[in-house]
Chemist: 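I have a structure I would like to understand better, so I am pasting it below and will then ask my questions one at a time.
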Amino acid sequence: MTSVTSFSVGIVGAGLCGLMAAEQLATSGHRVLVVDRGGSPGGRLATRRSGSAVFDHGAQFFTVRSERFRADVDAWLEAGVVAEWCQGFEEIDGYPRYRAEGGMANLARHLADRATRAGATIVTKVTTTAVIPGADGWTLNHDHWVREPDDVDAILLTAPVPESLQLLRAGGVKLSDASLDDLRYHRCLALMVTTGASPTLPATGAMQQPDDPTFSFVADNAVKGISPVTALTFHTSHALSADLWDLSDEDIRRRLAPAAAEAVGLTADDFDRVQLKKWKYTGPVTPWPDRYAIATEHPRPAVLGGDAFGGPKIEGAVLSGLAAAEALTGLLA
Ligand SMILES: Cc1cc2nc3c(=O)[nH]c(=O)nc-3n(C[C@H](O)[C@H](O)[C@H](O)COP(=O)(O)OP(=O)(O)OC[C@H]3O[C@@H](n4cnc5c(N)ncnc54)[C@H](O)[C@@H]3O)c2cc1C
């Protein structure tokens, strides 16, 4: 059982949003606790190893749109944590697509190290079950036998919004804006395939197909530069993900394998191993207009952040974390 320390900000979620916020808040002098139920930080920045194969099976790449995010990405490039993958998967359009060296989870590791060096405490394998308002702060309840409750002054909830709202509800909190309940997310089925055969893909090793009814993205992680052997990731379209969601994992794998093989010029018999990851929350259907939302200020602040706020994807999650940290610093002053 972990001993209880006093923290000024408790962050639920060590994905991009939570990690960026943690570093900024700790650098501003706050005592920060970050709790994540995963075995390691990262959330949807996820890399799986299977034998010698390495798969990015959550986020695949990122682009840069804002000056603020450009500054972070330049620092990550300088640190050798990310690299340019290509400037368009099938045709060059001049806009860099970035990948993380060794897989997306390594970017999360880097950000967790930075937050820790700034003074934040990050604990993994701990699921928060409720956030409960008290007279002068919040109590974070966790899986009881894993960690004692933590008392904090303010909270930042960065899980997908339906999960964050569930934590607030479990603590008896009434939301300041009920329309947060309307936030919906797309789902995605990620197929991870090893094969001794040679797949047919563009020279970049990937196809981005937003309008394809079956696979929205296909990549060979070997050509991407993160796997020593051929390791294919297939992401199903939003519509197909919803259609197949309730089938068993085995049925989904059986249904998708022939189409996956055909997409890369092979047959299902060429596949050695087919694994599946179901992503319930891929990205928001319609993002919230602001970079964060204040769930309540009473008795002390509870703020919601993540890629549903202000803009989706990796850049959106980063900018939400930074904006939420700045807002919390102001609210706690
Ligand atoms: C299949 C897929 C493909 C994608 N492709 C791309 C892409 O190519 N480019 C791109 O830019 N973006 C992509 N994205 C989106 C991108 O991954 C996300 O926008 C971003 O990683 C979200 O970061 P976040 O911090 O907001 O949330 P998350 O990464 O989801 O972090 C939330 C964290 O909260 C933790 N958590 C939740 N509930 C609890 C609890 N009760 N207690 C403790 N911890 C909890 C979770 O474990 C998780 O680590 C993709 C996502 C998926 C799933």
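Hydrogens, waters and symmetry mates are skipped; everything else that's a heavy atom, side chains included, is used. Because the structure is a prediction, the values reported are computed rather than measured. First listed ligand is number 1; within each ligand, the first listed atom is number 1. The chain is numbered in sequence order, starting from 1.
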Chemist: If you count the atoms of ligand 1 from 1 in the order shown, which ones are under 4.0 Å from a heavy atom of Gly13?
Modeler: 33 (C), 34 (O), 35 (C)
Chemist: What atoms of ligand 1 come closer than 4.0 angstrom to any heavy atom of Gly306?
Modeler: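 What qualifies from ligand 1 is 26 (O).
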Chemist: Establish, from distance only, whether the side-chain atoms of Asp56 and Thr47 form a donor-acceptor pair under 3.5 Å.
Modeler: yes
Chemist: So is there a nitrogen or oxygen of Ala159 less than 3.5 Å from a nitrogen or oxygen in ligand 1?
Modeler: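 Min N/O separation from ligand 1 is not below 3.5 Å for Ala159.
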Chemist: Looking only at protein heavy atoms, which one is nearest to atom 35 (C) of ligand 1, and how far off is it?
Modeler: Asp36 OD2, 3.3 Å
Chemist: Does an N or O anywhere in Ile314 fall below 3.5 Å from an N or O of ligand 1?
Modeler: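 Min N/O separation from ligand 1 is below 3.5 Å for Ile314.
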Chemist: N/O to N/O below 3.5 Å, does that happen between Tyr281 and ligand 1?
Modeler: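 There is no such contact.
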Chemist: Kindly say whether the aromatic ring centers of Trp279 and His186 come within a distance under 6.0 Å.
Modeler: no
Chemist: What's the shortest distance from atom 4 (C) of ligand 1 to any protein heavy atom, and which residue and atom give it?
Modeler: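 Its nearest protein heavy-atom neighbour is Ala59 CA, 3.4 Å.
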Chemist: Is Ala317 close to ligand 1, meaning an N/O of one under 3.5 Å from an N/O of the other?
Modeler: no
Chemist: Do you know which two heavy atoms are closest between Asp153 and Trp138, and how far apart they sit?
Modeler: O-CD1, 3.5 Å
Chemist: Regarding Arg97 and Thr63, do their side chains bring together a donor and an acceptor under 3.5 Å, going by distance alone?
Modeler: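 Side chains of Arg97 and Thr63: no pair found under 3.5 Å.
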Chemist: Which ligand 1 atoms does Gln60 reach within 4.0 Å, using its non-hydrogen atoms?
Modeler: 5 (N), 6 (C), 7 (C), 8 (O)
Chemist: Suppose we measure from atom 29 (O) of ligand 1 to each protein heavy atom; which comes out shortest, and what is that distance?
Modeler: Arg44 N, 2.9 Å
Chemist: Ligand 1 versus Phe217, non-hydrogen atoms closer than 4.0 Å: side chain, backbone, both, neither?
Modeler: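 Answer for Phe217: neither.
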Chemist: What atoms in ligand 1 come closer than 4.0 Å to a heavy atom of Leu16?
Modeler: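 Counting from 1, the qualifying ligand atoms are 25 (O).
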Chemist: I need the nearest protein heavy-atom contact for atom 44 (N) of ligand 1: residue, atom name and distance, please.
Modeler: Arg37 N, 3.1 Å
Chemist: Could you tell me whether the side chains of Thr236 and Ser241 share a donor-acceptor contact shorter than 3.5 Å?
Modeler: yes
Chemist: At what distance is the nearest protein heavy atom to atom 25 (O) of ligand 1, and which residue and atom is it?
Modeler: Cys17 N, 2.9 Å
Chemist: Can you find a pair of side-chain heavy atoms, one from Cys17 and one from Phe309, that are under 4.5 Å apart?
Modeler: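 Side-chain contact under 4.5 Å: no.
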Chemist: In this structure, which one of Val303, Val12, Leu304 forms a side chain to side chain contact (heavy atoms under 4.5 Å, CB included) with Leu156?
Modeler: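 Of Val303, Val12, Leu304, side chain to side chain contact (heavy atoms under 4.5 Å, CB included) with Leu156 is met by Val303 alone.
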Chemist: Do me a favour and list the nearest non-hydrogen protein atom to atom 41 (N) of ligand 1 with residue, atom name and distance?
Modeler: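 The answer is Thr128 O, 2.9 Å.
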Chemist: Taking the six-membered ring for Trp and the full ring for Phe, Tyr or His, determine whether the centres of Phe89 and Trp85 are under 6.0 Å apart.
Modeler: yes
Chemist: Among all the protein's non-hydrogen atoms, which is closest to atom 31 (O) of ligand 1, and how far away is it?
Modeler: Gly15 CA, 3.5 Å
Chemist: For the backbone of Arg37 and the side chain of Thr127, can you confirm whether one donor and one acceptor N or O come within less than 3.5 Å of each other?
Modeler: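 Side chain of Thr127 to backbone of Arg37: no pair is present.
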Chemist: Quick one: does His57 get an N or O within less than 3.5 Å of an N or O on ligand 1?
Modeler: no
Chemist: Give the numbers and elements of all ligand 1 atoms closer than 4.0 Å to a heavy atom of Gly42.
Modeler: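 That gives atoms 29 (O) of ligand 1.
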Chemist: Between Asp74 and Arg70, does any NZ, NE, NH1 or NH2 come within less than 4.0 Å of an OD or OE carboxylate oxygen?
Modeler: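 A salt bridge links Arg70 with Asp74.
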Chemist: Taking the minimum heavy-atom distance to atom 32 (C) of ligand 1, which of Thr158, Thr282, Asp307 ranks first?
Modeler: Thr158
Chemist: Under 3.5 Å, is there a donor-acceptor pair between the side chain of Gln208 and the main chain of Ala206?
Modeler: no
Chemist: Could you tell me whether some N/O pair between Thr127 and ligand 1 is separated by less than 3.5 angstrom?
Modeler: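 No; every N/O pair is 3.5 Å or more apart.
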Chemist: Determine whether the side chains of Thr233 and His57 contain a donor N or O and an acceptor N or O closer than 3.5 Å.
Modeler: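 The criterion, which ignores hydrogens and geometry beyond distance, is not satisfied for His57 and Thr233.
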Chemist: Leu19 near ligand 1, heavy-atom distance under 4.0 Å?
Modeler: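 Checking ligand 1 against Leu19, which is what was asked, there is no heavy-atom contact under 4.0 Å.
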Chemist: Ignoring hydrogens, just give me the one of Gly43, Pro284, Gly58 whose non-hydrogen atom is nearest atom 3 (C) of ligand 1.
Modeler: Gly58
Chemist: Report, in ascending order of atom number, the atoms of ligand 1 lying under 4.0 Å from any heavy atom of Val35.
Modeler: 43 (C), 44 (N)
Chemist: Evaluate the criterion salt bridge (charged side-chain N to carboxylate O under 4.0 Å, His left out) for residue pair Asp246 and Lys278; output intermediate values, then yes/no.
Modeler: CA-CA 10 Å; Asp246 292 327; Lys278 293 169 89 170; 6.0 Å; no
Chemist: Please check if any side-chain donor atom of Asp151 sits under 3.5 Å from a side-chain acceptor atom of Thr139, or the reverse.
Modeler: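 Looking only at side-chain atoms, Thr139 and Asp151 do form a donor-acceptor pair, the distance falling under 3.5 Å.
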Chemist: Phe61 versus ligand 1: do any nitrogen or oxygen atoms come within less than 3.5 Å of each other?
Modeler: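 Yes; at least one N/O pair falls below 3.5 Å.
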Chemist: With heavy atoms under 4.0 Å as the rule, classify the contact between His235 and ligand 1 as side chain, backbone, both or neither.
Modeler: side chain
Chemist: Polar-atom distance check: Trp279 versus ligand 1, any N or O pair below 3.5 Å?
Modeler: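 In this structure, Trp279 places no N or O atom under 3.5 Å from an N or O of ligand 1.
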Chemist: Measuring centre to centre across the rings, with the benzene-like ring taken for any Trp, is Phe217 within less than 6.0 Å of Phe234?
Modeler: no
Chemist: Check this for me: Arg255, atom CZ, are more than 12 non-hydrogen atoms of other residues, nucleotides or ligands nearer than 6.0 Å?
Modeler: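 For Arg255, atom CZ is not crowded (no more than 12 foreign heavy atoms under 6.0 Å).
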Chemist: For ligand 1, indicate whether the residue Val12 contacts it via side chain, backbone, both or neither (heavy-atom separation under 4.0 Å).
Modeler: side chain
